[in-house]
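Step one of this worksheet: look at the structure below.
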2 protein chains.
Amino acid sequence: MPTIRDVSRLANVSVATVSRVINANQPVSADTKARVVAAMAELGYQPNSNAKALATNRSDILGMVLGDLGGPFFGDLMAQAEEETRRLKRHLLVTAGGHSRDIELEAIDFLLRRQVDALMLHVDSLTDADLYELSTKTDTPIVLINRYVPDLHAHCIHVNNEVGGELITRHLIEQGHEAIACITGPLYKGDSRGRLQGYRRALEQAGLPYVEQRVVESDYMEAGGSEAIERLLSRKTPFTAVVCGNDLMAFGAIRSLRLHGFSVPQDIDVTGYDDIVLSSYVEPSLTTIHVPIGAMGVQAARLAVQLATGQRPTAQQAFEPQLVVRGSTRSRSSDQSSQPMHSKFVQQQ
Amino acid sequence: MPTIRDVSRLANVSVATVSRVINANQPVSADTKARVVAAMAELGYQPNSNAKALATNRSDILGMVLGDLGGPFFGDLMAQAEEETRRLKRHLLVTAGGHSRDIELEAIDFLLRRQVDALMLHVDSLTDADLYELSTKTDTPIVLINRYVPDLHAHCIHVNNEVGGELITRHLIEQGHEAIACITGPLYKGDSRGRLQGYRRALEQAGLPYVEQRVVESDYMEAGGSEAIERLLSRKTPFTAVVCGNDLMAFGAIRSLRLHGFSVPQDIDVTGYDDIVLSSYVEPSLTTIHVPIGAMGVQAARLAVQLATGQRPTAQQAFEPQLVVRGSTRSRSSDQSSQPMHSKFVQQQ
DNA sequence: TTGTTATATGTAACCGTTTACATCAATAAC
DNA sequence: GTTATTGATGTAAACGGTTACATATAACAA
């Protein structure tokens, strides 16, 4: 690999001049510039980014930590963030956090050692306190994706989970449901709590009681959704609809309900959250909340660059969730009410 | 950020000694080592990877170029490759090639400038000649994923497309089909040609004629699949099954067939290729060829590291495709044959 | 003419590591 | 008792860029 020194020799100039031509940040006469350009072309010269990063203390790389790299949710986020990063003349270094505290911390360390210009984090296992501490320990700017940490307000790209939970619960109430169960994600996570809070608020606004027996905590996994249904059924507190904390748990819930002889949505309505691609293809297609994760990825990249270059942040930080009505919920006319399902419910038990 | 010099001062040793402690590659007495470790902890020292890469000429990073980052196919590949990379104590730098020659070249340049230890490429737009030229121009090892370039035999992780095309076509023949249409991907791509070749071979083996009127070239996109069906129908050469070059085109084909009043698989069987996640969820679920893309990602990472470190390559390079039979194909008993469909076909036109 | 200023270029220090080489003491070999 | 050998450590030169500072030349004003 030729170096800047090889170029300077061939073009008969100093290395400083070559550097000036490369970065176009200081005046160079037209003909020296031409000589240098020719020399670079002849040698097939490529500047060494590590050396440049070492000298300038910036790498033009944005670091990103995600729960995992597969899956429609992260895929969309990553794809959009990468595109925007490229548009901003930067590159994206992605690492999987593996949903584990140690791996997430290791990933962050790695990126910091690499002198990334900013960090974009979509982390599960780190606490708000961890993140705040991290932000004080390093002066690398941090952007949190799909998470709201009050102390890091200016660094969050977030979506209002409470509104999402409220929207989808209200939708079920409008369909005529009065006994609505809820399967939440892990409640140590802020988004799970937010969605649950929205569920409560919608009930409250409709004058319906909040019944603890109808609420179970699960793990955002498909199997967890199945298992949660088992728990709900075993409690013998009837319900005619289930609000799930995400789409995957909704799939699990539907499967489990079917095993127990309920059909969706004829007997019981089920809703998801996230609007992953699958949700519009499954049978029945899933009524869910759309999270604009791609758009959030774009804005995360913008915010990261703005923070890194000291510009005034203009990236959109707060996003609104959107209700997507599909086949897993259906309008109940008042006469057929939910009574028949109650009886079937009891009979099934 | 503290540097190695700060540590050396605090521990009262030379920088060389600190480096020795960090890399554990030369003897250091127990108590100096303890002092150094303590100093590093006190300062929260993190070695600067750029400086290290500059000095050692290796970065412990594997570079990866993909068509795009979203989507189930790439997601799986990336997720598995990342995991294996981490297992090998390296990291993964991913860039999207955007299915365009310029962007792919730019992405490769970027990674080379970054001194990645090896390149893993899943590129569409670069020709075999481009890739061969690239391999001669740089001494960074290159691994090609899901692509076979004869001149770079030892660098390819590939799957036998011809066998895949043959498997799925033979399956249809075994179901009783004799008039099988084929929608291929772009024929400048080797994998499209391979699958088509497999289709021809299966026909040949069964003693069925190869009819050009039943073959159309498309673009591996869902819309392209729909459009291809239009072209096939307009040719008025009847068919009772369609072999599609990938799952997405199969979705498009099914949609288009339905618009024309055919139902799948009652009237016409349709098959895909790739076995993306969606394919098992759609209605009807798709008979397809499973490509072990995750496993290929793992082996790509292994091969990359082996090439970079000069080890003898032991990674598995050739993979076999697998037939997955689902709902979009069904057995035709000989008596009801395909005659009724022919008549319906003609009537629909 | 002389002093001032702007432009073009070169010199060399620096960024934070690694590592070849040198040094020195302690141990082993004869 | 001298000489290798080994182990622990230090010194300083890379690695390939950037950039503050110095210098030289040309243009311009007084």
Side-chain angles (χ1 to χ4, degrees), chain A residues 1-37 39-40 43-61 109-117 138-140, chain B residues 1-37 39-40 43-61 109-117 138-140:
Chain A
M1 274 265 150
T3 74
I4 197 171
R5 236 160 289 264
D6 299 324
V7 175
S8 77
R9 263 191 293 272
L10 185 60
N12 236 315
V13 295
S14 70
V15 289
T17 301
V18 178
S19 176
R20 285 172 190 128
V21 171
I22 294 169
N23 297 295
N25 50 6
Q26 277 174 70
V28 177
S29 77
D31 69 323
T32 21
K33 180 169 171 181
R35 280 213 316 284
V36 170
V37 169
M40 294 198 299
L43 296 172
Y45 169 72
Q46 290 281 15
N48 180 317
S49 316
N50 290 122
K52 177 166 185 164
L54 178 60
T56 60
N57 201 33
R58 43 193 303 259
S59 59
D60 289 342
I61 291 185
D109 268 0
F110 164 75
L111 293 171
L112 290 178
R113 277 199 297 272
R114 226 89 221 176
Q115 316 250 99
V116 294
D117 294 345
T138 175
D139 39 38
T140 304
Chain B
M1 273 263 152
T3 74
I4 199 174
R5 231 161 295 266
D6 298 324
V7 175
S8 78
R9 265 193 292 272
L10 184 59
N12 236 317
V13 295
S14 72
V15 289
T17 302
V18 178
S19 176
R20 285 170 189 129
V21 171
I22 294 170
N23 298 297
N25 49 6
Q26 278 173 72
V28 177
S29 77
D31 70 325
T32 20
K33 180 170 171 178
R35 279 212 317 284
V36 170
V37 169
M40 293 199 300
L43 295 172
Y45 168 73
Q46 292 281 15
N48 180 319
S49 317
N50 291 122
K52 176 167 185 165
L54 179 59
T56 59
N57 201 31
R58 45 194 302 260
S59 59
D60 288 343
I61 292 186
D109 269 0
F110 164 76
L111 293 170
L112 290 177
R113 277 198 297 273
R114 225 89 219 176
Q115 315 249 103
V116 294
D117 293 345
T138 176
D139 39 38
T140 304

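Just so it is clear, the values below take in all heavy atoms, side chains as well, and ignore hydrogens, waters and symmetry mates. By convention in this document, chain letters (A, B, ...) are assigned in the order of the sequence lines, proteins followed by strands, and residues within each chain are numbered from 1.
- Applying the salt bridge (charged side-chain N to carboxylate O under 4.0 Å, His left out) test to pairs two or more places apart or on separate chains, those with a residue in residues 9-24 of chain A are A:D6-A:R9.
- For B:T32, the side-chain hydrogen bond (donor to acceptor under 3.5 Å, both in side chains) partners are B:S29, not counting sequence neighbours.
- Scored by the side chain to side chain contact (heavy atoms under 4.5 Å, CB included) test, B:A55 finds no partners at all (sequence neighbours excluded).
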Anything under 3.5 Å between a protein N or O and an N or O of nucleotides 23-26 of chain C, put it in a table, one pair a line.
none

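- At least one side-chain heavy atom of A:R35 sits less than 4.5 Å from a side-chain heavy atom of A:V13.
- B:T32 comes within 4.0 angstrom of sugar-phosphate atoms only, judged by non-hydrogen atoms across all strands, and of no base.
- For the ring-ring contact (aromatic ring centres under 6.0 Å, His included) test, no residue two or more places apart in sequence or in another chain qualifies with B:Y45.
- Pairs passing the salt bridge (charged side-chain N to carboxylate O under 4.0 Å, His left out) check and including a residue from residues 23-32 of chain A, sequence neighbours excluded, do not occur.
- Pairs of residues two or more places apart, or lying in two chains, that qualify as salt bridge (charged side-chain N to carboxylate O under 4.0 Å, His left out) and include a residue from residues 44-58 of chain A are A:R58-A:D60.
- Contacts of B:N48 classified as side-chain hydrogen bond (donor to acceptor under 3.5 Å, both in side chains), with partners at least two apart in sequence or in another chain: A:Q115.
- As rounded to whole Å, 19 Å separates atom C1' of C:dG16 from atom CZ of A:R58.
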Protein-to-nucleotide contact annotation, 5' to 3' order, nucleotides 16-25 of chain D [B base; S sugar-phosphate only; - none; under 4.0 Å, heavy atom]: BBSBB-----
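- Atom pair A:Q115:CD and C:dG16:C1' shows a separation of 9 Å (rounding to whole Å applied).
- Residues passing the salt bridge (charged side-chain N to carboxylate O under 4.0 Å, His left out) test with B:R5, sequence neighbours excluded: none.
- With sequence neighbours left out, B:D109 forms a side-chain hydrogen bond (donor to acceptor under 3.5 Å, both in side chains) with A:Q46.
- Remark on the helix from C:dT1-D:dA30 to C:dC30-D:dG1: inter-end axis angle 50°, axes from five-pair C1' superpositions, rounded to 10°.
- Per the geometry, CZ belonging to B:R9 stands 13 Å off P belonging to D:dT11, to the nearest Å.
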